[in-house]
Amino acid sequence: MIRFEKFHPAILFIYYLLVIVFSMFTVHPIVLAGTLLGGVLLFALLHPMRETLRNLLFYFFVFILIGITNPLFSHNGETILFFLNDNPITMEAIIYGAVISIMLVGIIFWCKCYTKILTSDKFLYLFGKMIPKLSLILSMTLRLIPLFKQQIKKISGTQKVLGLYSSESRTDALLGRIRVFDSLLSWSLENAIDTADAMKARGYGLKGRSNFHLFRFHKEDGILLAAILILTALIASGNADGVFLFGYYPYITGMLLTKKAILGYLCMLFFMLLPSLLEIKEKILWNCLRSKI
Amino acid sequence: MKKDLLMMFFGLLLTVVLFGGTKIQSVEDYYQTHVDDIQEDSETITLSIRCDTVLENYERLDDQLQDPKYVPEDGTILPETKYVLRPKDSVFDLLVRATRHEQIQMEYQGAGENLYGSAYILGIHHIYEFSCGPLSGWMYRVNGEYPSRGCSQYLPVNGDHIEFIYTCDLGRDIGGYFLEQKENKELHFTQ
């Protein structure tokens, strides 16, 4: 049971947009640490622990890869550690590379949770009336990769039972995979045509078409929306005061530590951790109630 | 599948690093370049690096660079200094030798990495291109004229005065606007 996805889709969409905007437009370490923490925590609450650990390990190596490539290309910075091919490798470049890769990994984790929270029917509900064709294409594109992953598992499993990967040679294994991929491609094209035909038959995009949906606006949705707007207003006012500015070249500027700045950082952290806190509250409540039975 | 991709990228990184060569020098080693002593019969040129236009456009400068440590009060990063001109030295070679000797930070983009076939000076003394507005950068002139060529393509001769000047307005504020340069000059270029 995921509590966060039961909110109204418009609020979920606004929240996701704001998370991405806040993470991508600053390089402040606290903001990006909050993004990473929020993304990883939400992912851990939505998926089994084994998958979380596997993903964390993989993205740790991605983090190292990107962190290493930045100093190789950027040579600005005060503290020079050593010279590689007549170009200085500076501490600032290494730190900036690390921070940028934290931003990247954080946003990747948020996007991994996206498919579970903003499913394609919610997206269609939000944008189907305004831009039917574009929203159809967008929702089909967004569900493409997980759908392909599921389908390739099915095809591959069936073929394995029928004896496709039985020979020992590498070339045969490769040819077997190519056959599976080929079958996946033709299935996906047919699937797209089927979906489009079905939607056309039901009159999707026609004027005056109403559709049934379970998305009513409840009191909790109002409270969440108010909370999001208040936090955004506080963060915007902090931004206007330059609280989220941070520079790396040629020297690393320190963080502001005035009262307003600390308020801004706390608001940002709370904003990023909002869905995770909601999920944790629900889990605690559920366990508490269950233990009373 | 994901592991394979990751391995592939690490392998790519490794090959790039190995092919690019791994000449690692510590900070002291790098700065130990030898600038030839000026003797009686050696060919010399004078080199200077200035950034006066930055002082005129101080508000447009990056916040972090608004410090006398990065932008000297009189705008002189390197006063006019005589250096020995070795045969086949381009302006770029002289700049590299001078900045190494005086321990001034300098970052450049190699000749093979851009369309013009010449080294491009990204920044000197932490003042980079675009640090003072979107039309700012480094230009150089020899004997008061702008060669309109990359600095690794111009070969100076004995007695030349080379100046590296920072512009905040595409060269218009230092007389180096490319539309105002004279057409024909007998100049000393490499191919």
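All figures in this text were calculated on a predicted structure; none of them were measured in a lab.
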Q: Please look at Leu72(A) and chain B and tell me whether the side chain, the backbone, both or neither of the residue comes under 4.5 angstrom of a heavy atom of that chain.
A: side chain
Q | Toward chain A, the part of Leu122(B) with a non-hydrogen atom under 4.5 Å | A | neither
Q) Does a sphere of radius 6.0 Å around CZ in Arg172(B) hold more than 12 heavy atoms from other residues, nucleotides or ligands, not counting ones at 6.0 Å or beyond? A) yes
Q. Measuring heavy-atom distances to chain B, does Ile89(A) have an atom under 4.5 Å in its side chain, in its backbone, in both, or in neither?
A. neither
(Q) If you apply the rule side chain to side chain contact (heavy atoms under 4.5 Å, CB included), what do you find for Gln105(B) with Asn76(A), and how did you get there? (A) CA-CA 9 Å; Gln105(B) 189 259 5; Asn76(A) 204 347; 4.0 Å; yes
Q: Return yes when atom CZ of Arg177(A) has more than 12 non-hydrogen atoms of other residues, nucleotides or ligands closer than 6.0 Å, and no otherwise.
A: no
Q | Value rounded to 0.5 Å, distance of CD1 in Ile66(A) from CG in Leu13(B) | A | 11.5 Å
Q. Is it the case that more than 12 heavy atoms not belonging to Tyr16(A) sit under 6.0 Å from its OH atom?
A. yes
(Q) So for atom OH, which belongs to Tyr58(B), do other residues, nucleotides or ligands contribute more than 12 heavy atoms lying within a distance under 6.0 Å? (A) yes
(Q) Could you measure the distance from the OG1 atom of Thr253(A) to the CG atom of Asp63(B)? Nearest 0.5 Å is fine. (A) 9.5 Å
Q) If you round to the nearest 0.5 Å, how far is NZ of Lys69(B) from CD of Glu78(A)? A) 4.0 Å
(Q) Are more than 12 heavy atoms, taken from residues, nucleotides or ligands other than Ile145(A), located less than 6.0 Å from that residue's CD1 atom? (A) no
Q.
Report, in residue-number order, which members of residues 126-136 of chain B are under 4.5 Å from chain A by heavy-atom distance.
A. His126(B), Tyr128(B)
Q.
As an exercise, state the distance from CG of Leu57(A) to CG of Leu6(B), rounded to the nearest 0.5 Å.
A. 9.5 Å
Q: Keeping the roles fixed (side chain from Tyr251(A), backbone from Gln64(B)), state whether a donor-acceptor pair exists under 3.5 Å.
A: yes
Q | Over 12 non-hydrogen atoms of neighbours within 6.0 angstrom of OH in Tyr96(A) | A | no
Q: Drop me the distance from Phe10(B)'s CZ to Ile68(A)'s CD1, to the nearest 0.5 angstrom.
A: 6.0 Å
Q: Find the distance between CZ (Phe58(A)) and CG (Leu5(B)) and round it off to the nearest 0.5 Å.
A: 7.0 Å
Q: Count the heavy atoms of every other residue, nucleotide or ligand shown that sit under 6.0 Å from CZ of Phe83(A), and state whether that count exceeds 12.
A: yes
Q | Residue-level contacts of residues 71-82 of chain B with chain A, using a heavy-atom cutoff under 4.5 Å | A | none
Q. Is Phe82(A) atom CZ crowded by more than 12 heavy atoms from other residues, nucleotides or ligands, each under 6.0 Å away?
A. yes
